[in-house]
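These numbers come from the heavy atoms of this one structure, side chains and all, not from hydrogens, waters or symmetry mates. Every value quoted in this text rests on a predicted model; they were computed, and no experiment measured them. In what follows, every chain begins at residue 1, and chains take the letters A, B, ... in the order their sequences are listed.
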Amino acid sequence: MPSLSYIAALNQALRDEMARDERVCIFGEDVCLGLTGITKGLAEAHGTGRVVDTPLSEQAFTSLATGAAIAGQRPVVEFQIPSLLYLVFEQIANQAHKFSLMTGGQASVPVTYLVPGSGSRSGMAGQHSDHPYSLLAHVGVKTAVPATPSDAYGLLLSAIREPDPVAVFAPTLLMGTSEEIDGDLDAVPLGSARTHREGTDVTVVAVGHLVPVALQVAADLADEASVEVIDPRTVYPVDWETLGKSISRTGRLVVIDDSNRMCGFGAEIAATAAEEFGLAVPPKRVSRPDGAVIPYALNLDHALLPDALELTEAIRAVLRR
Amino acid sequence: MPSLSYIAALNQALRDEMARDERVCIFGEDVCLGLTGITKGLAEAHGTGRVVDTPLSEQAFTSLATGAAIAGQRPVVEFQIPSLLYLVFEQIANQAHKFSLMTGGQASVPVTYLVPGSGSRSGMAGQHSDHPYSLLAHVGVKTAVPATPSDAYGLLLSAIREPDPVAVFAPTLLMGTSEEIDGDLDAVPLGSARTHREGTDVTVVAVGHLVPVALQVAADLADEASVEVIDPRTVYPVDWETLGKSISRTGRLVVIDDSNRMCGFGAEIAATAAEEFGLAVPPKRVSRPDGAVIPYALNLDHALLPDALELTEAIRAVLRR
Amino acid sequence: MRLIREFEEHCLEMAVTGTIVGGIHPYIGQEAVAVGVSAHLRKDDVITSTHRGHGHVLAKGADPKRALAELYGASTGLNRGRGGSMHAADVGLGIYGANGIVGAGAPIAVGAAWAARRQGRDQQVAVAYFGDGALSQGVVLEAFNLAALWSLPVLFVCENNGYAISLPVDRGLAGDPVRRAAGFGLTAAAVDGMDVEAVAEAAGRAVAACRAGRGPHFLECATYRFRGHHTVEHLMGINYRDEAEVASWTARDPLARQRARLAPAVADEVDAEIAALIAEAVAFAGSSPGSDPRDALDYLYAGMVPTRPGA
Amino acid sequence: MRLIREFEEHCLEMAVTGTIVGGIHPYIGQEAVAVGVSAHLRKDDVITSTHRGHGHVLAKGADPKRALAELYGASTGLNRGRGGSMHAADVGLGIYGANGIVGAGAPIAVGAAWAARRQGRDQQVAVAYFGDGALSQGVVLEAFNLAALWSLPVLFVCENNGYAISLPVDRGLAGDPVRRAAGFGLTAAAVDGMDVEAVAEAAGRAVAACRAGRGPHFLECATYRFRGHHTVEHLMGINYRDEAEVASWTARDPLARQRARLAPAVADEVDAEIAALIAEAVAFAGSSPGSDPRDALDYLYAGMVPTRPGA
Ligand SMILES: Cc1ncc(C[n+]2csc(CCOP(=O)(O)OP(=O)(O)O)c2C)c(N)n1
Ligand SMILES: Cc1ncc(C[n+]2csc(CCOP(=O)(O)OP(=O)(O)O)c2C)c(N)n1
Ligand SMILES: [Mg+2]
Ligand SMILES: [Mg+2]
């Protein structure tokens, strides 16, 4: 069984899709060199006509991708820092996302926004440590946060093939992980959750790098409780069916995700569960604090991130009710 | 009892605060002319040295305000369209908001972002009809959405005086409203909800222009149910104490707000209520749909906005349980 | 030009009656720009337009019937009534949309040009229209750099009508437009935007150079809007331009100037043709149905549609 | 220059050992710029800096002890350990912070200049440092326009070190920096950024002109970073600059050039002084305590603190 790293999986997805589909092209800073690892070798394989190093003009090249997409390309745009999405929020939320409805369906904008190294980078401080996927979900941009190499491969493939804009976040804390792969890699549909572990007492919904954390916690708690762990894989759209079935069955919910608490992804899951899924006891969220800005010093950085201990306590708390 | 219009209230707040505090200054497009009504007469009163017409450089003038604030000013920045917040999201969320923590408290950024005409403008279509306050709440920028002229006055005053960045949304659908005022206008603390109508059966949390809608619905339903209507007034921070007391008492919650459903303000209220306030029955949200883009044709525009009918049905539904 | 003028005159009336909701940004006075530029555009060339887009869209060949129906919010409109004045588009004709955000179209045009070259459509050009106000918008300046850097076939057309709403250009712009554009390596020139033949000549040179692979061009067209920034301005009674200034520009009405160059009989014939077209458009738009409000979210996504309702 | 160099050499070691987390963007090779410019700055002048900010911050007068403590994440650091390398600031000294976002500091400097004028501090200037890569960033170009339009006392210092990470300047920038800046009405010049006296002279002229109310200036300093873009680059073993090029620039080391101008005894004395300062800083930072993790959200708000925890 070959081992596949998370970065290699993203790289492979780009490589395969570029080979399969002439229209796929890549824009971003230092993408020819492959600075983030994800685009390594692609310029050599496909030429600098399709893998394009851009100047530091995020706004213009994001909308350039929009124009190219309308004109028939399938651009992938790489951003070196998650907070660069703030810089191009207008271009994504107000231009690319809206084009299809505003033109009455004349054209859509099949662009993939790729964000390697999202979330805390351990010591990169306030402006390099955000995890802003909830913002994209709020405005309605399809958004994936793959938790494993094979999901990274499959979701990126689907993102590129989707006729709408899709954002793909690759959390920093997963970039170094690997997975044994048996069988072929394949596309993973957007909006399909993955149940990583079945359980009967409580449903844990975990996102991105917190999926392995949740699995570890579930294993550690195995004697105490039967914990179901579900990864929604895309934070928008959400696979409400899979989540709903699980939560209705267990009646208990803990959601752990790495965005700010206020109006974050966790809020949406808890709210929908409360409205629709017949919770037996109040749900719990584990998240960053409201309005979090990640401090530089490592111990302060870590103090603000959701972790295994907090999750364990949250699970125990909902089981106690 | 003099009558005060919503626009006049905002204008008066600026006028009073500029008179009281030399440091207050205004940046924005066409603010000398007072195109949106809010800054009318201020350039005449205080000079174009303090009321500054800017070119169409939203990003630069938003951060210019940041620099000026650090240097001791109290800038108010007016944006002509709510979606211009997307354009300056980097400057607000990643610069102004983070400055205090990142510098270890050396300085903060007392800027007010004023957004007149937020939400649908009835026929202004996709790019002029958003209501993006939940985005600011998610990143942790203090955000007010006043529902009445006196609250508009009082919240804008507090926003200007607050040492942190604060956004103030003035919904289009309120801009033409008026209120009879008795007594003096005064500052309204950020983070203090206002209970507009007391009730015992269900708590309705309503935001902005949906506050009068909720009050009307509550009155119309008076024979059926006793509806408490609370306006949080600031969507961040939220006055959890007032909301919590009410919801714990009624055990029933409907939240109506004009942002997209997914990860919106309604999600936060419903999630927190489910977690902490002992709901007797599942809560309900009334909002825009997920990922909404407002179409041009009026009947399509209106179809996507939360309204009295939807609220009535939601209230009846939670009462039925 | 006559078509645009008459189309807009009709729109002004309909904005007052409320048939057209949301108002419009009238292009009246600036017609020579769109018409002069479009004289050199082919169907597969791409344009991106602005909030003041009717002229660009019609000059590029959009059907006046469907353009008007769009403004009426009809399902027969260019955008099926979903876009209205500020988003009118006809992607099949290379019209990638008016745009409600100043400057936002410029990089989209650059993207279209990039794609054309990538796809081997070497002769194709992309035109980005924008106003003088947009020259202070970061994304436009970034777009200049990308186009010049990659030598893309883009014509940037700056309609300098002297104002960004109430802000006179000299209070919005340091330096002058041509010099600014040249600083980014664009081949830049200025032209009298009130003379359709002058615009056509300058644009012709620029478009030909773009098609010949000689990189992006910039054309500043000095022009003037005869009306307020937006129809709502008339209601507000605001005023920031002095009468003499307005009069000096209306005296240079591009339609009158062009009419003077034509044989009166020819001009009359054009007028009659246009009148018929407008009448046809009005009839078409007026008799077109709206959309079912249950379909309000149609077209939100082209792929999987995950949206839940708001209540 | 020696202080910056030694400070950074120490940081490079500490980045390897992990005492400094997150790595740094070394300024080594570019010292002449910050030092030449700062020679003309007063305490109340304002600077905004970049991701590569140690040189700017130290040259403006920040205490090396507290600067190093910041990088160690100590509570005695300039930012109490909350900012680290990319956000080091000393607002009391007019240092409005390094910045993790390229170009973001430029409009902040313009704002400081605006405030200074508004408050009657006519003699004050603001300096915005940024790299060649930042010349393609919209907000920087918008900032040029605002400063020029309002004739504000801002000195824009572009450190053209030839690369934005791996992108050579001629593949990132159409035209040249001075011409681009001039297109916005800035008074623009270029200087040898490897010669501290040349920088000091050019900056002196520009700063004096700013103080005299003669509007914003732009100075392109041709320079070179001797190390990788960021310390992590060394680990990655990537390479995009050829050895001969690197060698031709290290041969022009600004420290060596300046040393040659000094009497050897004087130079040795400076070196000894600096060694003592660095030793002191290392001792200070090394013995400084960290912060209690329960205080991780301290300083998030200056006013009312509404924050709820994450669990
Ligand atoms: C980025 C942005 N800022 C502000 C606005 C509001 N606004 C719409 S048009 C306009 C003035 C535009 O001036 P100009 O570019 O000269 O075009 P003109 O209206 O003169 O045709 C403004 C400020 C906007 N739509 N987009
Ligand atoms: C807006 C933005 N885009 C991208 C990055 C990632 N990044 C950090 S430094 C850098 C290169 C900057 O080049 P330059 O401005 O020339 O400064 P230098 O590093 O050469 O000093 C890039 C792309 C960033 N921090 N901010
Ligand atoms: Mg104009
Ligand atoms: Mg550089």
Can you confirm whether the side chains of [X] and [Y] place a donor and an acceptor under 3.5 Å from each other?
X        : Y        : answer
D:Tyr299 : D:Arg82  : no
B:His46  : B:Arg15  : no
B:Thr272 : B:Glu268 : yes
B:Thr39  : B:Glu78  : no
B:Gln95  : D:Asn99  : yes

Legend entry - Most chain B-contacting option - heavy-atom pairs closer than 4.5 Å, from D:Gly111, D:Ser75, D:Ser291: D:Gly111
Inset, instruction - Pick whichever of D:Thr48, D:Val305, D:Asp90 has the most heavy-atom pairs under 4.5 Å with chain B. - result: D:Asp90
Legend entry - Close side-chain approach of B:Thr62 and B:Tyr113, heavy atoms under 4.5 Å: yes
[X] portion near chain D, given a 4.5 angstrom heavy-atom threshold:
X        : value
B:Lys142 : side chain
B:Phe61  : both
B:Glu90  : side chain
B:Val52  : side chain

Winner by heavy-atom pair count (cut-off under 4.5 Å) against chain D, out of [options]:
options                               : result
B:Pro55, B:Ala65, B:Ser108, B:Pro75   : B:Pro55
B:Gly140, B:Pro165, B:Ala69, B:Gly191 : B:Gly140
B:Ala107, B:Cys25, B:Pro163           : B:Pro163
B:Arg50, B:Glu58, B:Lys98             : B:Arg50
B:Ile70, B:Thr66, B:Leu56             : B:Ile70
B:Gly72, B:Pro189, B:Ser63, B:Gly105  : B:Ser63

Which region of [X], side chain (C-beta onward) or backbone (N, CA, C, O), has a non-hydrogen atom less than 4.5 Å from a non-hydrogen atom of chain B, or is it both or neither?
X        : result
D:Thr307 : both
D:Leu146 : side chain
D:Ala296 : backbone
D:Arg308 : side chain
D:Leu149 : side chain

Inset, instruction - Run the salt-bridge test on D:Glu220 and D:Arg179 with the 4.0 Å N-O cut-off and return the result as yes or no. - result: no
Legend entry - Test: B:Lys245 and B:Glu241 ion pair at under 4.0 Å: yes
Inset, instruction - Without swapping roles, check the side chain of D:Ser151 against the backbone of D:Ala148 for a donor-acceptor pair under 3.5 Å. - result: no
Legend entry - Donor-acceptor pair, side chain of D:Arg211 and main chain of D:Gln123, under 3.5 angstrom: yes
Inset, instruction - With side-chain contact (heavy atoms from CB on, under 4.5 Å) as the test, would you mind laying out the steps for B:Val111 and B:Val77 before giving the verdict? - result: CA-CA 7 Å; B:Val111 178; B:Val77 184; 3.8 Å; yes
